[in-house]
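Working notes, beginning with the structure itself.
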Amino acid sequence: MKELQIEVTLSSTRKQKPDFDNLVFGTVFTDHMFVWDYTEGTGWHDPQIIPYQPITLDPAAMVFHYGQTVFEGLKAYLTKDEQVLLFRPDENMKRLNRSNDRLCMPSIDEELALSALKQLISIDREWIPGVEGTSLYVRPFMIAIEPHLGVSPSKNYRFMIILSPVGAYYKEGINPVKIAVESEYVRAVKGGTGNAKTAGNYASSLKAGEIAYQNGYSQVLWLDGKEQRYIEEVGSMNIFFKINGEVVTPELNGSILEGITRKSIIELLKYWNVPVVERKISIEEIQQACHEGTLEEAFGTGTAAVISPIGELLWKNEKMIVNNGEIGTLSQKLYDSLTGIQNGTEPDPFGWTVRV
Ligand code: COI
């Protein structure tokens with residue numbers, strides 16, 4: 001494993017830690033951050049760990065105008081015997097470079113970026129909450145910083161990593177959420193940026209999410225951008241259904257994010273010999289399964305929430321209730337197994353966890 005030589009400046013003061021029993025997702029940040037600049041012609045240079053602080057950018061920095069930026073999200077867990085575990089961080093680094101490629105941003109050395117991430121976590125290790133259901137959320141991201149208003153790829157970039165102690169993503173926690181099927185707005189289209197982890201996808205999702213929220217729903221179910229018929233994602237998560245004993249999830253088609261939790265769930269189900277299929281799923285098929293009583297479970301998957309069960313789907317004024325609005329047996333088992341592997345309380349037969 002390659003090690004990045006980083007200049008470290010430690011903070012002279014330490015912030016007060018929040019109450020680890022009452023964390024609100026993504027609102028509190030640790031004492032330090034990692035910064036690494038890229039300049040055309042020079043490449044990546046001057047990696048630093050410095051005290052967490054605001055950054056200064058030229059108002060013409062291209063990220064502000066044309067949204068050339070990508071991000072990742074992963075979690076570090078504190079085990080009962082005080083080890084620090086990361087979950088499949090190599091997959092995040094690979095996806096970061098796939099997103100970079102789509103946004104015409106420079107690739108980063110995955111091993112060196114991972115080395116930076118581990119060094120930062122080691123420095124801010126006491127910020128990892130040990131409380132059940134909590135973790136340290138790790139947010140690597142890259143922004144275009146060249147001051148230039150012409151539409152073209154930036155010549156210069158900044159890669160940063162910040163850390164945030166987190167609890168549950170949704171206030172509902174692992175309790176099922178109500179979801180409205182979105183028939184007007186779309187999240188992504190084939191050939192667009194739907195499978196890249198880039199800010200624009202999230203910005204354009206806000207309108208539909210807000211309308212759903214005003215109507216008493218936690219999030220929206222996204223349909224495909226062409227026919228508005230085939231299911232793609234739920235909120236900012238991938239989606240799974242259990243229909244008549246079989247688990248189905250939309251196949252990757254270029255507009256769906258290649259979730260690492262999604263991939264892990266599929267691998268876990270195969271390991272358990274539970275039938276799991278990646279294919280196109282229409283909203284009519286879900287409605288029919290609901291009418292026939294074969295729609296057994298539905299849940300979203302993502303790093304932030306891990307598993308988020310769906311208790312109700314609203315489509316064209318019809319409320320489709322899933323499993324009486326309660327968490328399904330398989331959803332609960334997947335949540336327990338995956339979080340157990342992640343926080344070191346369950347064996348890891350796949351070698352997914354990486355020690356810091
Ligand atoms: C995730 O589920 O991990 C996400 O991508 C949500 C994140 C944008 C907070």
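Only this structure's heavy atoms are used, side chains among them; waters, hydrogens and symmetry mates stay out. Each ligand, and each atom within it, is numbered from 1 in the order the structure gives.
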Check your understanding: Based purely on interatomic distance, does Tyr169 place a nitrogen or oxygen under 3.5 Å from a nitrogen or oxygen of ligand 1?
Key -> no
Check your understanding: Does Arg229 come within less than 4.0 Å of Glu284, counting only side-chain N to carboxylate O?
Key -> yes
**Study point:** Pick from Gly302, Ser308, Gly300, Ala199: the one approaching atom 2 (O) of ligand 1 most closely through a non-hydrogen atom
**Key:** Gly302
Check your understanding: For atom 8 (C) of ligand 1, what's the nearest protein heavy atom and its distance?
Key -> Tyr202 CE2, 3.8 Å
Exercise for review: May I ask you to check whether Tyr137 and Phe25 place their ring centers less than 6.0 Å from one another?
Suggested key: yes
Review point. Is the ring centre of Phe299 less than 6.0 Å from the ring centre of Tyr335?
Key: no
Exercise for review: Among all protein heavy atoms, pick out the one at the shortest distance from atom 6 (C) of ligand 1; state its residue, atom name and that distance to 0.1 Å.
Suggested key: Ser236 OG, 3.5 Å
Review point. Is it the case that Lys15 places NZ or CZ above or below the six-membered ring of Tyr52, under 6.0 angstrom from the centre and within 45 degrees of the axis?
Key: yes
Check your understanding: Which residue and non-hydrogen atom of the protein lie closest to atom 1 (C) of ligand 1, and at what distance in Å?
Key -> Ala304 N, 3.5 Å
Review point. In terms of side-chain heavy atoms, does Asp348 have a donor or acceptor partner in Thr353 at a distance below 3.5 Å?
Key: yes
Review point. For atom 4 (C) of ligand 1, which candidate among Lys197, Arg139, Arg262 provides the closest heavy atom?
Key: Lys197
